[in-house]
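Whatever order the structure lists them in is the order used to number ligands and atoms, beginning at 1. Numbers here are sequence positions counted from 1.
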Amino acid sequence: MGLKERRLDAISKGGRALLLSYDHGLEHGPADFDQRAVDPKAVLDIGLKGGFTGVVLQTGVAQRYYTKRYAALPLVIKLNGKTALSKGEPRAALLGSVEEAERLGAAAVGFTVYPGSSYEAEMLREFAEVRAAARALKMPVIAWVYPRGKSVKNETSRESLAYAARIGLEIGADLIKIKYGGKPADLEWAVRCAGRTKVLVAGGFKKEESSFLQDARDVMAAGAAGMAVGRNVWLSSDPLSLAAELQKIIFGTVQT
Ligand code: FBP
């Protein structure tokens with residue numbers, strides 16, 4: 001197995017992944033956090049003890065908090081992002097490089113594109129540059145593909161999700177992360193549109209636990225390879241038992 005395959009295997013065991021997303025401090029600001037989730041160490045501990053196959057961090061948080069203690073929790077460095085403060089057409093700014101991510105010990109990098117935005121071309125071009133740099137360093141690239149902007153009427157419609165998944169395949173992502181609109185049949189079609197590229201699904205805003213777990217079951221039944229979830233885990237009153245439930249749904253067993 002080559003380095004890239006080993007890295008992919010680390011974050012998607014047996015082709016299934018359960019990533020803990022924690023880039024919300026940039027994307028949404030501390031408004032997403034409670035007293036525990038505001039502390040990156042507390043969230044990294046959930047990732048480690050909860051048997052997640054990786055944690056998604058922006059560079060700054062990784063630099064200060066991703067210590068050797070978390071070696072068993074693979075790191076995904078998000079290379080671009082935006083804040084919730086800027087209005088208008090969405091544009092994720094490039095904030096890091098694949099080389100820097102590798103120095104931080106990353107097993108993969110993440111990159112957001114907003115198809116439909118008037119800045120789509122810039123983001124697609126930057127994705128291609130990141131993909132080339134990642135190929136050279138044998139680093140997998142996870143594409144967050146979120147259709148968004150004035151021209152997108154419904155970000156989670158059947159058409160939007162299917163188009164997002166297909167874009168991920170077309171642009172050469174190693175894994176594609178899309179949203180879930182609550183309709184299993186739509187997700188099933190999106191997974192089909194992604195072809196041989198595996199699809200991960202975001203968790204979305206914090207829900208009742210039973211409803212979130214039902215989403216997870218539906219997502220896996222629709223053929224997704226797993227989830228990359230944030231708020232529903234680190235805002236949970238019991239993140240570790242929720243993580244154990246997610247592991248059962250995604251891997252068929254608890255791995256910790
Ligand atoms: P959640 O599981 O909390 O929805 O996180 C997934 C995610 O993609 C994060 O990585 C990111 O910070 C956030 O959603 C962005 O959401 P949006 O672009 O819809 O504001």
key: Under-4.0 Å salt bridge between Glu245 and Lys248   = yes
query = Charged N to carboxylate O under 4.0 angstrom, Asp9 versus Lys13?
reply = no
query = Which one of Tyr146, Tyr114, Trp144 has a non-hydrogen atom at the shortest distance from atom 14 (O) of ligand 1?
reply = Tyr146
ask   = Should one rank Arg231, Glu27, Lys177 by closest heavy-atom distance to atom 6 (C) of ligand 1, which comes out on top?
value = Lys177
request  = Count the heavy atoms of every other residue, nucleotide or ligand shown that sit under 6.0 Å from NZ of Lys4, and state whether that count exceeds 12.
outcome  = yes
query = Has Tyr119 got more than 12 heavy atoms of other residues, nucleotides or ligands less than 6.0 Å from its OH?
reply = no
Write out the residue and atom name of the closest protein heavy atom to [atom], then the distance separating them to 0.1 Å.
atom                    : value
atom 19 (O) of ligand 1 : Lys179 NZ, 2.3 Å
atom 16 (O) of ligand 1 : His28 NE2, 3.3 Å
atom 18 (O) of ligand 1 : Arg148 NH1, 2.9 Å
atom 11 (C) of ligand 1 : Asp23 OD1, 3.3 Å
atom 5 (O) of ligand 1  : His24 NE2, 3.0 Å

key: Short side-chain to backbone donor-acceptor contact, Asp215 and Gly182, under 3.5 Å   = no
key: Test of proximity, Gly230 against ligand 1: N or O pairs below 3.5 Å   = yes
request  = Return the orientation label for the Phe33 and Tyr22 ring planes: parallel under 30°, perpendicular over 60°, tilted otherwise.
outcome  = tilted
